[in-house]
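Step one of this worksheet: look at the structure below.
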There are 2 protein chains.
Amino acid sequence: MIDRIDRRILSILQEDCTVPVAEIGRRVGLSTTPCWRRIQKMEEDGVITGRVALLDPAKVNAKVTAFVAITTNQHTEDWLKKFADVIRDFPEVVEFYRMAGQVDYLLRVTVPDIAAYDAFYKRLIAKIDITDVSTTFAMEQIKYTTELPLSYVVPEKPKAD
Amino acid sequence: MIDRIDRRILSILQEDCTVPVAEIGRRVGLSTTPCWRRIQKMEEDGVITGRVALLDPAKVNAKVTAFVAITTNQHTEDWLKKFADVIRDFPEVVEFYRMAGQVDYLLRVTVPDIAAYDAFYKRLIAKIDITDVSTTFAMEQIKYTTELPLSYVVPEKPKAD
DNA sequence: CGGAATGAGGAATTTTATTCCCTTTGAAAG
DNA sequence: CTTTCAAAGGGAATAAAATTCCTCATTCCG
């Protein structure tokens, strides 16, 4: 499905999606038309899910990241659905995982400062019934990237047998 | 610095940066030129740090997310620098935080499966001296967004006094 | 009451994306 | 071996979008 050329295209677009198709083509050794068609196809196929602008957290007053580990004794399907819907609606929650192990859910929350986190926390527990919440703050974001590793993408062989 | 209109522009671009400037202008009540200039300025000012394509993790064989909590007894400036450099070079590490509290560092790691995680883990500990590592796996990514909340951006008043 | 700065807009220009149509390649059928 | 078809690629025309250029209001000092 995805061959070596596609992978190189994805690598470029993951880093910077403003590079013109003609330039991408040049870098991967294709002319613009086939390169453009490959990109289109990957968008249709849902490999590329979107193109977004990234902002500097400091510049938009999102300097503090908190990780919130949630444990609950509620484990019904319905509860999870409601819980997920509530959480999803908080724009401060930028990531939300259901976990294996001790912790049931993990949130990454983005706020300007500890006070704002506290306000968020109060709004959160007002809305949902949680057994146990444990918050840890990040002091520094050393790395953050939206680029997924492409080394695990198995490129299709040009030929089989 | 950032006024209400800028904030609305950012909101649009955070969601989808392929929207034409003319259309953005229409939505925020500006013609294309001033809208374009505002976007340029926010890029120059570093508010917008880039535009990237997002990929479907499942489609690029990045189905498993692991959170790796690292504790160390090394706390020198030099060690951190070397550690950070090593970690940063792993494409599987998509996020990397220095934490407050018990855990010193937290990584989010993206791999195809548990076996690949194990291979990553071996490569990791081969390269750096870590006292304690604790890994938790995410069963499900319920929410993931690159959109930072803009509600905390204090819009400049058009006038003062 | 002048400008001078700031912000906005229309229209021309340039750059890119997109489409159309044709060529090449390679494998399978006959 | 040819023939045929499908998949990929490419060049050139066209459409759309970004970018530039110039002009027009408004406001704020001096």
Side-chain angles (χ1 to χ4, degrees), chain A residues 1-56 59-60 146-147 150 153-161, chain B residues 1-56 59-60 146-147 150 153-161:
Chain A
M1 197 103 209
I2 294 175
D3 66 10
R4 284 177 179 76
I5 294 179
D6 288 330
R7 214 169 62 175
R8 291 174 64 195
I9 293 172
L10 289 177
S11 168
I12 294 167
L13 290 177
Q14 275 203 118
E15 198 173 301
D16 178 6
C17 69
T18 67
V19 181
V21 179
E23 167 64 15
I24 298 172
R26 201 189 56 66
R27 291 194 206 167
V28 304
L30 282 180
S31 72
T32 68
T33 305
C35 184
W36 180 84
R37 276 194 289 243
R38 280 167 178 267
I39 295 169
Q40 288 304 307
K41 180 154 195 324
M42 290 193 283
E43 290 190 335
E44 279 166 26
D45 293 349
V47 177
I48 297 171
T49 57
R51 293 151 182 259
V52 302
L54 300 179
L55 310 187
D56 180 339
K59 299 268 168 67
V60 295
T146 56
E147 291 180 51
L150 297 177
V153 178
V154 188
E156 228 177 31
K157 292 285 186 305
K159 297 188 177 188
D161 284 45
Chain B
M1 195 106 210
I2 294 176
D3 66 11
R4 285 178 178 74
I5 294 178
D6 288 331
R7 213 168 63 175
R8 291 174 63 196
I9 293 173
L10 290 176
S11 168
I12 294 166
L13 289 177
Q14 275 204 116
E15 198 173 300
D16 178 7
C17 69
T18 67
V19 181
V21 179
E23 167 64 15
I24 298 172
R26 200 189 56 67
R27 291 194 207 166
V28 304
L30 283 180
S31 73
T32 69
T33 305
C35 184
W36 180 83
R37 277 195 288 245
R38 280 166 179 267
I39 295 169
Q40 289 303 307
K41 181 157 195 322
M42 291 193 283
E43 291 191 335
E44 279 164 29
D45 292 348
V47 177
I48 297 171
T49 57
R51 292 152 183 257
V52 302
L54 301 180
L55 310 186
D56 179 339
K59 299 267 167 68
V60 295
T146 57
E147 292 180 51
L150 296 177
V153 178
V154 188
E156 225 176 30
K157 292 285 186 304
K159 297 189 176 188
D161 282 48

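Values below: all heavy atoms of this structure, side chains included; hydrogens, waters and symmetry mates excluded. Below, read A as the first sequence line, B as the second, and so on, with proteins coming before strands; counting in each chain starts at 1.
Distance CZ (A:Arg51) to P (D:dA17): 14 Å, rounded to an integer number of Å. As rounded to whole Å, 15 Å separates atom P of C:dT16 from atom CG of A:Leu13. C:dT6 atom C1' lies 13 Å from atom CG of B:Asp3, rounded to whole Å. The interatomic distance linking B:Ile24 (CD1) with D:dA17 (C1') rounds to 11 Å, in whole Å. Between the P atom of D:dA16 and the CZ atom of B:Arg26 lies a distance of 17 Å, rounded to the nearest Å. The nearest whole Å value for the distance from the CG atom in B:Leu30 to the P atom in C:dT6 is 18 Å. What separates CZ of A:Arg4 from P of D:dA8 is a distance of 15 Å, to the nearest Å. For the pair B:Glu44 CD and D:dT19 C1', the computed distance is 13 Å after rounding to whole Å.
With values rounded to the nearest 0.5 angstrom, A:Leu55 atom CG is found 8.5 Å from B:Met42 atom CE. Atom CG of residue A:Leu10 and atom SG of residue A:Cys17 lie 12.5 Å apart, to the nearest 0.5 angstrom. The line from CD1 of A:Ile9 to CG of A:Asp3 is 8.0 Å long, rounded to the nearest 0.5 Å.
In the set C:dG9, D:dG9, C:dT18, the nucleotide with an atom closest to the side chain of B:Thr33 is C:dG9.
A:Trp36 has no side-chain polar atom (N or O) that falls below the 4.0 Å cut-off from OP1 or OP2 of C:dA17. At least one side-chain nitrogen or oxygen of B:Arg38 sits closer than 4.0 Å to the OP1 or OP2 atom of C:dA8.
Within the nucleic acid shown, B:Pro20 comes within 4.0 Å of sugar-phosphate atoms alone, with no base atom in reach, counting heavy atoms only.
With hydrogens and angles ignored, a donor-acceptor pair under 3.5 angstrom links the side chain of A:Arg37 to the base of D:dG9.
A:Glu23 and A:Arg26 are joined by a salt bridge, as a carboxylate oxygen and a charged side-chain nitrogen come within less than 4.0 angstrom of each other.
When all heavy atoms are compared, the tightest approach of B:Gln14 to B:Thr146 is OE1-O, 3.6 Å.
Remark on DNA chain D: of its neighbouring residues A:Gly29 and B:Gln40, the 5'-side contact belongs to A:Gly29, judged by nearest-heavy-atom nucleotide.
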